[in-house]
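Step one of this worksheet: look at the structure below.
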Amino acid sequence: MLQIHNNLSRQKETFQPIDPKNVRLYVCGMTVYDYCHIGHARVMVVFDVVYRYLCHLYGKEAVTYIRNVTDIDDKIIKRANENGESFVTLTERFIAEMKVDEAALSILPPDQEPRATHYMQEILDMIQTLVDSGMAYVADNGDVYYDVSKFERYGQLSGKHLEDLRAGERVAVDEAKDDPVDFVLWKSAKPGEPSWQSPWGEGRPGWHIECSAMSTCCLGNHFDIHGGGLDLQFPHHENEIAQAEAATGEKFVNVWMHNGFVRINEEKMSKSLDNFFTIREVLKVYDAEVVRGFIINSHYRSPLNYSDGNLDEAKNVLTTLYTALRGIDVNPDVELTGEWVDKFFAAMNDDFNTPAAMAVLFELASEVNKARNSDMAAAIVSASQLKQLADMLGILQREPEVFLQSGLGGEGISNEQIEQLIQQRLDVRKNKEWAESDRIRDELKAQGIILEDSVEGTTWRRD
RNA sequence: GGCUGGGUAGCAAAGUGGUUAUGCUGCGGAUUGCAAAUCCGUCGACGGCGGUUCGAUUCCGCCCUCAGCCUCCA
């Protein structure tokens with residue numbers, strides 16, 4: 001039985017889909033005005049693993065995964081103005097760039113990636129419903145605000161109390177609001193800003209309403225899992241609940257999942273602190289699968305410290321696992337049974353405990369290495385299980401040689417040159433000319449190429 | 001000030017009221033012309049102080065300390 005830590009109750013709960021034939025997952029995605037950073041990569045990878053595992057448990061057809069794109073907001077407008085381009089040009093460009101990063105990280109495409117600007121009518125309808133029922137009010141300046149005091153359960157997700165929020169020194173005082181904790185549903189447009197027609201005048205949606213509208217539209221009023229980064233817990237997700245439940249009269253989401261932050265030097269990585277690394281930058285130095293391995297090697301709710309040392313270790317991890325798979329014809333149909341398989345699923349069922357699941361992969365790799373010279377059939381079974389299980393984590397799906405010999409970019413010695421030198425070395429080795437043999441090996445090593453001699457011959461990999 | 005979540009061996013990272021996490025690293029051995037890879041063995045842990053218990057790293061309390069949210073942020 002799958003257990004998931006539900007942030008609504010702050011404890012692990014047995015996951016029971018509303019309808020096992022139609023398991024529904026919604027994740028808050030990117031605001032597209034810049035390249036994705038490693039924090040975004042974490043959300044993508046974490047929920048990609050959740051999605052893959054749900055597909056394993058319930059069947060691919062039975063799972064619907066929605067991840068939205070925020071393509072209109074203040075930051076987008078600001079950046080478009082700075083660049084002297086339309087906000088549409090800007091967002092289209094960064095949606096395309098986002099897809100490049102996703103593909104590199106082996107992120108399975110969600111079933112739908114709704115955009116705020118494509119759901120304007122649904123957004124307006126939900127705001128209208130809230131206004132009609134008295135849950136929202138139109139301010140003097142044309143903005144529409146949600147009246148937080150009318151929603152009794154406000155604070156249930158974030159554990160906040162209205163009194164504390166009002167007393168908080170950091171809540172900005174906005175003259176247009178009746179209450180500082182109220183939040184905007186519809187922002188009236190200033191001259192020159194992108195805008196849409198509404199019953200309250202030209203304007204654009206507030207940030208939170210798009211997710212309430214798009215998620216209920218795509219998945220129904222009540223669905224299973226809603227996820228996102230921990231920084232979205234408050235106010236974004238709290239407000240989504242308030243909007244959706246007030247508008248539909250139904251419970252909105254059963255399980256709330258939030259992944260932890262990526263840190264740099266023990267400090268949160270974020271746009272506002274300007275200490276972020278883009279996925280693009282990191283992929284210049286590390287293979288995308290290494291980045292994925294780095295993310296999976298920590299539990300999704302723990303903080304993840306970004307450092308070269310930790311990325312290097314992730315690379316070692318993948319090298320070890322791929323080395324075990326090297327030279328073995330895996331059988332994609334092998335049965336998933338046995339001690340290690342059970343442990344893997346036990347780990348995944350325990351709130352997606354990927355570090356524990358990775359430990360199992362090492363045990364299987366060890367089984368492969370132990371058996372490969374004495375019992376190839378057993379080695380094939382272990383290797384095949386290893387690869388199948390790794391697929392649920394989105395790793396180890398390339399040919400081992402491809403990973404082990406892959407370099408980043410065109411710099412350095414070519415594969416042909418390497419093969420040539422290896423052949424030269426084999427020739428002198430026939431005459432036991434060890435000095436020359438070692439010289440060639442050292443020459444290659446200086447260029448980051450590691451040679452491995454075995455009875456079958458010489459293999460190589462890039463360090 | 002209010003609210004969260006952490007502090008595990010050199011590093012990374014799970015987990016548990018009493019039994020090996022795991023990976024990298026270190027040390028010893030096998031293998032190898034020497035290496036690399038692999039295998040075998042091994043050193044090394046649970047922030048501090050109390051409490052509950054036959055027994056606590058694991059439960060409770062207090063303290064120290066770190067990070068986060070309370071404003072845009074994945």
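Computed from a prediction, not measured in an experiment: that's the story for all the values here. Below, chain A is the first sequence line, B the second, and so on; all start at residue 1.
A cation-pi arrangement, defined by a distance under 6.0 Å to the six-membered ring centre and an angle within 45 degrees of its axis, is absent between A:K315 and A:Y286.
Distance check on atom P: B:rC11 versus B:rG5 gives 26 Å, rounded to whole Å. Nucleotides B:rA14 and B:rA21 have their C1' atoms positioned 7 Å apart, rounded to a whole Å. Nucleotides B:rG41 and B:rU58, compared at atom C1', are 29 Å apart to the nearest Å. Taking the C1' atoms as reference points, B:rA45 lies 12 Å from B:rG10, given to the whole Å. Comparing the P positions of B:rG48 and B:rU8 gives a spacing of 11 Å, expressed to the nearest Å. When the P atom is used for both B:rG18 and B:rA74, the distance is 42 Å, rounded to whole Å. Between B:rC46 and B:rA9, the two P atoms lie 7 Å apart (nearest whole Å). When the C1' atom is compared between B:rC60 and B:rU25, the two are found 38 Å apart, to the nearest whole Å.
Defined by atom type and a distance below 3.5 Å, a donor-acceptor pair is present between the side-chain atoms of A:D351 and A:Y300.
A:G260 comes within 4.0 angstrom of a nucleotide base, judged by non-hydrogen atoms across all strands. Residue-level contact check: A:S454 touches neither bases nor backbone, having no heavy atom under 4.0 Å from any strand. Using a 4.0 Å heavy-atom criterion, one finds that A:V262 contacts the bases of the nucleic acid, with or without backbone contacts as well. Note on A:H37: a base of the nucleic acid sits closer than 4.0 angstrom, heavy atoms only. Across all strands, A:N369 comes closer than 4.0 Å only to sugar-phosphate atoms, never to a base (heavy-atom distances). Within the 4.0 angstrom heavy-atom criterion, only backbone atoms of the sugar-phosphate kind lie near A:I450; the bases stay farther away. Nucleic acid contact for A:Q233: none, since no nucleic acid atom lies under 4.0 Å from a heavy atom of the residue. Using a 4.0 Å heavy-atom criterion, one finds that A:K432 contacts no nucleic acid atom at all. Heavy atoms of A:F261 sit under 4.0 angstrom from at least one base atom.
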- What do the steps show when you test A:Y65 against A:R67 for side-chain contact (heavy atoms from CB on, under 4.5 Å), and what is the final call? CA-CA 7 Å; A:Y65 176 26; A:R67 193 185 56 214; 3.9 Å; yes

- Query: Step by step, would you call A:E267 with A:N265 a side chain to side chain donor-acceptor pair (under 3.5 Å)?
  - Reply: CA-CA 5 Å; A:E267 192 178 49; A:N265 297 326; over 6 Å; no

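Nucleotide B:rC46 is matched to nothing when pairs are restricted to Watson-Crick or G-U wobble geometry with both distances under 3.5 angstrom. Summarising the base pairing, B:rG17 is matched to no nucleotide, lacking a Watson-Crick or G-U wobble pair whose two defining distances lie under 3.5 Å. Pairing partner, B:rG33: none, since no Watson-Crick or wobble contact has both distances short of 3.5 Å. With both pairing distances under 3.5 Å, B:rG68 is matched to B:rC3 as a Watson-Crick or G-U wobble pair. Both distances falling under 3.5 Å, in either a Watson-Crick or a G-U wobble arrangement, place B:rG23 opposite B:rC11.
Counting only heavy atoms from C-beta on, A:E452 has its side chain closest to B:rA37 among B:rG33, B:rA37, B:rG23. Closest to the side chain of A:H40, from the set B:rA14, B:rA74, B:rG33, is B:rA74. Checked against B:rA74, B:rC72, B:rG33, the side chain of A:K75 finds its nearest nucleotide in B:rC72.
Listed in residue order, the members of residues 371-392 of chain A having a heavy atom less than 4.0 Å from RNA chain B come to none. Shown for residues 264-276 of chain A: residues whose heavy atoms fall under 4.0 angstrom of RNA chain B, namely A:E266, A:E267, A:K268, A:M269, A:S270, A:S272.
OP1 and OP2 of B:rC11 both lie 4.0 Å or more from every side-chain N or O belonging to A:N310. Applying the 4.0 Å criterion to OP1 and OP2 of B:rG5, one finds that A:R301 has every side-chain N and O outside that range. Look at A:T320 and you won't find any side-chain N or O under 4.0 angstrom from OP1 or OP2 of B:rA37. A:K370 has a side-chain polar atom (N or O) that falls below the 4.0 Å cut-off from OP1 or OP2 of B:rC40. Contact annotation: A:S366 side-chain N/O to B:rC39 OP1/OP2 distance is under 4.0 Å. One finds no side-chain N or O of A:N316 lying less than 4.0 angstrom from the OP1 or OP2 phosphate oxygen of B:rC24.
For A:E443, the salt bridge (charged side-chain N to carboxylate O under 4.0 Å, His left out) test picks out A:R439, with sequence neighbours left out. Partners of A:F261 by side-chain contact (heavy atoms from CB on, under 4.5 Å), not counting sequence neighbours, listed by chain and number: A:L230, A:D231, A:K268. Applying the side-chain hydrogen bond (donor to acceptor under 3.5 Å, both in side chains) criterion to A:Y154, with sequence neighbours excluded, gives A:N239.
Taking the six-membered ring for Trp and thresholds of 30 and 60 degrees, A:F223 and A:F252 have ring planes more than 60 degrees apart, a perpendicular arrangement.
Every pair passing side-chain hydrogen bond (donor to acceptor under 3.5 Å, both in side chains) that includes a residue from residues 340-350 of chain A is listed here, sequence neighbours excluded: A:K12-A:D350, A:Y53-A:N349, A:W340-A:E367.
Here the two rings, on A:H40 and A:Y35, have centers that are 6.0 Å apart or farther. Between A:F277 and A:Y306, a ring centre-to-centre spacing shorter than 6.0 Å is recorded. Checked against a 6.0 Å centroid threshold, the rings of A:H208 and A:H237 do not count as neighbours.
With hydrogens and angles ignored, a donor-acceptor pair closer than 3.5 Å exists between the side chain of A:R441 and the base of B:rA35. Side-chain atoms of A:D438 and base atoms of B:rG33 include a donor and an acceptor less than 3.5 Å apart.
Summarising the geometry, the separation between CD on A:E238 and C1' on B:rU4 is reported as 13 Å, rounded to the nearest angstrom. Between the P atom of B:rA37 and the CD1 atom of A:I328 lies a distance of 18 Å, rounded to the nearest Å. In this entry the distance linking CG of A:N259 with C1' of B:rC69 reads 15 Å, nearest Å. Taking atom CG on A:N305 and atom P on B:rA12, their separation rounds to 8 Å, with Å as the unit. B:rA12 atom P lies 12 Å from atom CZ of A:R263, rounded to whole Å. Separating the CZ atom of A:R326 from the P atom of B:rA36 is a distance of 14 Å, rounded to the nearest angstrom. Atom pair A:E339:CD and B:rU20:P shows a separation of 14 Å (rounding to whole Å applied). Nucleotide B:rA21 holds its P atom 16 Å from the CG atom of A:N353, rounded to whole Å.
Looking at which nucleotide of RNA chain B each of A:G229 and A:A359 is closest to, the 5′-most match is held by A:A359.
By the 4.0 Å N-to-carboxylate-O rule, A:K78 lies too far from A:E193 to be salt-bridged with it. A salt bridge is defined here as a Lys NZ or Arg NE, NH1 or NH2 lying under 4.0 Å from an Asp or Glu carboxylate O, and A:K284 with A:E281 fails to meet this definition.
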